[in-house]
Number of protein chains: 2
Amino acid sequence: MPSITRRRTPATGRRAEDDILAATRRLLTGGATFTELGIQQISDEAGVARSTFYSHFRDKTELLMRLAARMVEASFSIASAWEPAVGVDGLAADFLRVLGVWREHVGVLQAVTEVAAYEPTVREFWGQGLVQFVDRTIEVLRAEQDAGRSPADIDVVHASEIIVLGGERAMLHHVANSAPDTDAAFARELARTWWYGVYRRPATEN
Amino acid sequence: MPSITRRRTPATGRRAEDDILAATRRLLTGGATFTELGIQQISDEAGVARSTFYSHFRDKTELLMRLAARMVEASFSIASAWEPAVGVDGLAADFLRVLGVWREHVGVLQAVTEVAAYEPTVREFWGQGLVQFVDRTIEVLRAEQDAGRSPADIDVVHASEIIVLGGERAMLHHVANSAPDTDAAFARELARTWWYGVYRRPATEN
DNA sequence: GTCGTGCCGGACACCATGTCCGGACATCAT
DNA sequence: ATGATGTCCGGACATGGTGTCCGGCACGAC
């Protein structure tokens, strides 16, 4: 229960707040781990008094959530346009676009998954996003099965978990560890794996 | 640089240490997050004075590393026996066994991946393990290509990263969130995805 | 001018970490 | 029995980060 008395009227107001957000992004993309970041450090980088930090954010978690919210806005515009039966190449193209967006937000992205591992609020937040994708994938796979394009003996739920959880991890790792010019190849490889491994997996013959 | 003066002679010695290890495992499988665990809390659970903790472990990280070392011993015995051309069902059987081992260590396993996200030592440790698997998978895939069993246009490196990173995540998530009686189905699904999506992916026709 | 508001800077209480040490208590050899 | 060895307890202490609070300053609006 913080005393946020001075939150109204950003006449000239959003100055310090934006500085803090930007500074944090800077520190994160600069290679720092969100957990090892101190309030003092962030405030210094933002050119702001430590007390000012607390008049804008309850704690580091709230800061991260604010950062994450902005990132998700950008990401979901692509994800919602996710149509299934576009073929392998369409899938690869989608992955490539996602990789592009993620690259702009690697720092925050890593911070979120990092903190999600031990902080309930962030865990819930990120988990919800993944669940949404899993559900959507389940629907798509069911539809594909009904249309006779995917084999009937796919374990739709497990397959969707593999696709979403595994894909998220693989993509995050790639974006964080490989150069952008390898993105296209990676996206194609991932698309083919899911396509021939799940969507167009040959039916079991027996 | 701690002052570990009383480390010799476990005449009756390893008592407290084992208690601490066990207590930590207990707390972890009890749903606690390693990060949110305090030394006091661990010591209490172990029935040991806080100062005693420090005469056995430099800090929480060393405790985790000790926990992890034991777990890895058990896990790698399976992983090293990893032979490729056994077919989908062989692959599924291997995954199932790994899932079994992981279930005995979920707590520690989650703790390691959790801390690996922000602590350099643990990150290095866990990362090395994954790199080993990636390398091994690359070799296997190359051999499969040379034998003409896998298509030549697979991007071996990216495919291996997807298999290892993605697989680790999916399996970890499964073990942490689903009942053991779903393990067989999950293992089969994962095996089929990698098999038909990578190892026996149809060659590109053009 | 004076009021409102954002920011500064510093004081403060609090809590977890890591260090250190004296003393209690077992065990074992002599 | 007695003394030596070594573990463990319990508590003191320094340190550093977190979150709270408040007085004061600057600046823009009325």
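Lettering follows sequence order; numbering is per chain, from 1.
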Q. How long is the gap from CG on D155(B) to CD1 on I162(B), to the nearest 0.5 Å?
A. 8.0 Å
Of all residues at least two apart in sequence or in a different chain, which pass the side chain to side chain donor-acceptor pair (under 3.5 Å) check with [X]?
X	result
R192(B)	D153(A)
T24(B)	none
D44(A)	Q40(A)

Q | salt bridge (charged side-chain N to carboxylate O under 4.0 Å, His left out) partners of residues 18-39 of chain B, not counting sequence neighbours, each pair once | A |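 Listed once each, the pairs are D18(B)-R70(B), R26(B)-E45(B).
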Whole angstroms only, please: what is the [atom1]-[atom2] distance between [X] and [N]?
X	N	atom1	atom2	answer
D18(B)	dC8(D)	CG	P	10 Å
D19(B)	dT7(D)	CG	P	15 Å
F53(B)	dC20(C)	CZ	C1'	17 Å
F57(A)	dG19(D)	CZ	P	13 Å
E17(A)	dT5(C)	CD	C1'	15 Å

Q: Check whether any side-chain nitrogen or oxygen of S51(B) sits under 4.0 Å from OP1 or OP2 of dC9(D), and answer yes or no.
A: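 For S51(B), the contact criterion (side-chain N or O under 4.0 Å from OP1 or OP2 of dC9(D)) is not met.
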Q. Does H56(A) have a side-chain nitrogen or oxygen under 4.0 Å from the phosphate oxygens OP1 or OP2 of dG6(C)?
A.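 Checking dG6(C) against H56(A), no side-chain N or O comes under 4.0 Å of OP1 or OP2.
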Q.
Holding to ring pair (Phe, Tyr, Trp, His ring centres under 6.0 Å), I want the full list of residues that pass it with F53(B), two or more places apart in sequence or in another chain.
A.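 By the ring pair (Phe, Tyr, Trp, His ring centres under 6.0 Å) rule, F53(B) matches F57(B).
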Dump every N/O contact between nucleotides 16-18 of chain D and the protein below 3.5 Å, one line per pair.
unit_1, atom_1, unit_2, atom_2, d
dT18(D), OP2, I39(A), N, 3.4

